[in-house]
Amino acid sequence: MEKQPIKSYPNPNYGAANYGYPPPAAAAGAPAMFAPPAAEGPSAPPAGMFDSMPGYEGTIAGGGGGFLPPPMPSCPVPQPQPGPEQPYWNIPSISEDTARDAFVLYVSSKCCYSSAPAKDGNITNMEAFNTYRYRLETFTESRSTEWSHEPYNGQPVDAYVQPPPGPWDIQAKSPSFFMDNKEIIKVPCTSSLKNCHVCVGMGRRPCTNCVGVGNKVCWVCNGSGFRHGDDRCNHCNGRGRENCNHCHGQGSKQCDTCHGKQQLLVYIRLTVKWTNNCDNYVVEQSSGLKVDNLSKVSGKELFRDSQYMVYPVVGFPDPAVVQAAQRLVNEHQAKYSQTSRILQQRQTIELIPVTKVTYSWKGKSHIYFVYGNEFKVNADDYPATCCCTVM
């Protein structure tokens with residue numbers, strides 16, 4: 001049998017009719033016809049949409065842009081100075097009453113713990129394992145650029161009026177030190193007017209729900225125009241199709257990119273980020289309490305030093321703190337000066353109280369820990385727990 005050529009039928013409702021004019025109604029009783037899928041416009045702006053701006057030649061569209069290294073300072077920066085000397089601090093062990101009160105409060109917060117061991121257990125020993133926490137904060141400012149666009153509503157078009165200022169020459173309002181923040185700035189002298197790339201300057205796009213036809217197969221009669229035998233479908237009046245409720249039968253909808261304005265204002269967007277980069281070092285202690293528990297509590301602040309660039313701690317009694325300070329200061333200054341501008345650094349040393357409490361209950365010995373200024377408790381081997389089943 002000779003193969004018949006495949007015929008293609010153009011959709012009479014697609015094209016100019018999709019941009020504001022309703023499609024012709026289907027004849028009563030005519031079989032339902034399915035329209036071909038509507039062509040989708042490009043999701044990303046074409047490269048030719050963006051002009052070449054002096055000083056911003058490598059700027060791309062989307063993706064957050066690339067971080068721009070700060071320029072070399074025009075004047076010498078102040079050199080870090082050793083921080084003030086601090087006296088040797090220590091925190092005495094907590095009293096037995098304080099340890100018991102903290103234990104009772106901890107147990108009361110556990111629905112499956114009996115309070116008897118906490119209230120009536122016999123405390124046999126208390127040992128102090130106070131430790132230090134060194135913290136270094138580096139407050140930085142970083143800048144990145146990317147091409148952006150917005151619907152044109154009469155905004156100024158200033159591209160090529162004069163060369164745009166450099167990304168680090170644009171003024172931005174810095175927040176208080178060590179507070180994260182972000183500011184979005186439209187770079188002056190980069191705004192130009194372009195046709196919308198999504199709707200090709202039409203202001204409207206084919207409706208994806210009805211693929212640009214303006215109507216769909218009637219869901220009641222499934223496109224036949226009849227419900228039972230010769231009873232005409234009352235939902236579509238026998239047409240077999242119903243108007244699309246997404247586009248109200250027009251076959252097209254307002255473009256979401258240009259909001260129907262047909263044109264876009266294209267410009268370079270500068271993102272300024274202020275970030276407080278923080279690292280902690282806690283000196284290991286031999287009490288048996290996991291170091292991760294100490295991240296949730298505060299301690300007694302022994303030392304604080306805030307400068308443009310801090311000098312590593314020297315002369316502190318614990319050599320582990322001195323070594324950690326030297327390492328973190330070097331790491332921060334090498335890491336963050338490459339892609340951002342360091343505005344301020346701050347280093348602190350806290351003494352965190354840790355007390356290991358040994359107590360006996362029903363002839364057996366158990367331990368718990370009381371730590372931090374908040375008197376937090378850790379008791380992994382509490383002897384009077386029950387298994388609760390959630391129904």
Side-chain angles (χ1 to χ4, degrees), residues 44-45 47 49-83 133-150 159 163-191 266-282 295 304-313 323-348:
M49 184 175 178
F50 307 114
D51 299 325
S52 178
M53 292 293 168
Y56 296 87
E57 289 81 0
T59 303
I60 60 175
F67 286 101
L68 305 167
M72 295 294 293
S74 56
C75 56
V77 298
Q79 295 299 309
Q81 300 296 324
R133 175 168 56 209
Y134 174 81
R135 174 175 293 153
L136 176 63
E137 300 167 270
T138 300
F139 186 59
T140 60
E141 176 185 332
S142 61
R143 300 194 172 200
S144 61
T145 57
E146 62 179 336
W147 280 103
S148 186
H149 55 74
E150 61 188 39
W168 285 95
D169 297 328
I170 298 173
Q171 294 295 319
K173 186 177 180 181
S174 176
S176 301
F177 284 155
F178 310 110
M179 298 290 291
D180 290 352
N181 203 359
K182 182 171 73 171
E183 184 176 353
I184 305 296
I185 302 173
K186 186 182 295 183
V187 177
C189 302
T190 62
S191 300
V266 180
Y267 59 92
I268 293 178
R269 182 172 67 183
L270 172 68
T271 301
V272 185
K273 280 186 177 182
W274 293 273
T275 308
N276 188 34
N277 306 278
C278 181
D279 276 305
N280 295 295
Y281 172 79
V282 178
S295 64
R304 173 183 288 259
D305 177 29
S306 182
Q307 302 183 50
Y308 162 65
M309 300 276 266
V310 298
Y311 192 88
V313 174
Q323 294 171 6
Q326 180 72 55
R327 175 177 58 83
L328 289 176
V329 167
N330 291 339
E331 288 178 0
H332 274 223
Q333 293 178 0
K335 178 179 179 180
Y336 297 116
S337 61
Q338 299 299 317
T339 58
S340 57
R341 175 183 286 169
I342 296 177
L343 302 180
Q344 193 79 358
Q345 286 188 308
R346 178 169 65 192
Q347 57 182 346
T348 57

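The analysis underlying the following values was restricted to heavy atoms, covering all of them including side chains, and did not include hydrogens, waters or symmetry mates. Quick caveat, the model's predicted, so the values are computed rather than measured.
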Is there side-chain contact between [X] and [Y], with at least one heavy-atom pair below 4.5 Å?
{"X": "S52", "Y": "E57", "answer": "yes"}
{"X": "M179", "Y": "W274", "answer": "no"}
{"X": "M53", "Y": "T59", "answer": "no"}
{"X": "S306", "Y": "F139", "answer": "no"}
{"X": "I268", "Y": "P167", "answer": "no"}
{"X": "H332", "Y": "Q347", "answer": "no"}
{"X": "L343", "Y": "S174", "answer": "yes"}
{"X": "R143", "Y": "I170", "answer": "yes"}

Restricting to non-hydrogen atoms, name the atom on [X] and the atom on [Y] that form the minimum distance, rounded to 0.1 Å.
{"X": "Q307", "Y": "Q344", "answer": "O-CD, 3.3 Å"}
{"X": "Y308", "Y": "I342", "answer": "CE1-O, 3.1 Å"}
{"X": "V313", "Y": "A325", "answer": "N-CB, 3.8 Å"}
{"X": "Y336", "Y": "T140", "answer": "CB-CG2, 3.8 Å"}
{"X": "P165", "Y": "P188", "answer": "CD-O, 3.8 Å"}
{"X": "S142", "Y": "S340", "answer": "CB-CB, 3.9 Å"}

How many angstroms lie between atom [atom1] of [X] and atom [atom2] of [Y], to the nearest 0.5 angstrom?
{"X": "L68", "Y": "Y56", "atom1": "CG", "atom2": "OH", "value": "8.0 Å"}
{"X": "F50", "Y": "T190", "atom1": "CZ", "atom2": "OG1", "value": "11.5 Å"}
{"X": "N330", "Y": "K335", "atom1": "CG", "atom2": "NZ", "value": "14.0 Å"}
{"X": "E146", "Y": "L270", "atom1": "CD", "atom2": "CG", "value": "10.0 Å"}
{"X": "N280", "Y": "R133", "atom1": "CG", "atom2": "CZ", "value": "6.0 Å"}
{"X": "N181", "Y": "E141", "atom1": "CG", "atom2": "CD", "value": "10.5 Å"}

Determine, for F177 and R346, whether the Lys NZ or Arg CZ falls below 6.0 Å from the six-membered ring centre while staying within 45 degrees of the axis.
no
Taking atom NZ as the centre, does K273 end up with more than 12 heavy-atom neighbours from other residues, nucleotides or ligands that are less than 6.0 angstrom away?
no
Check step by step if side chain to side chain contact (heavy atoms under 4.5 Å, CB included) holds for W168 and R341.
CA-CA 10 Å; W168 285 95; R341 175 183 286 169; 3.6 Å; yes
After noting the C-alpha distance and the side-chain angles of Y267 and E150, does the key distance pass the side chain to side chain contact (heavy atoms under 4.5 Å, CB included) rule?
CA-CA 9 Å; Y267 59 92; E150 61 188 39; 3.2 Å; yes
Name of the residue among V329, L328, T138 meeting side chain to side chain contact (heavy atoms under 4.5 Å, CB included) with V310:
V329
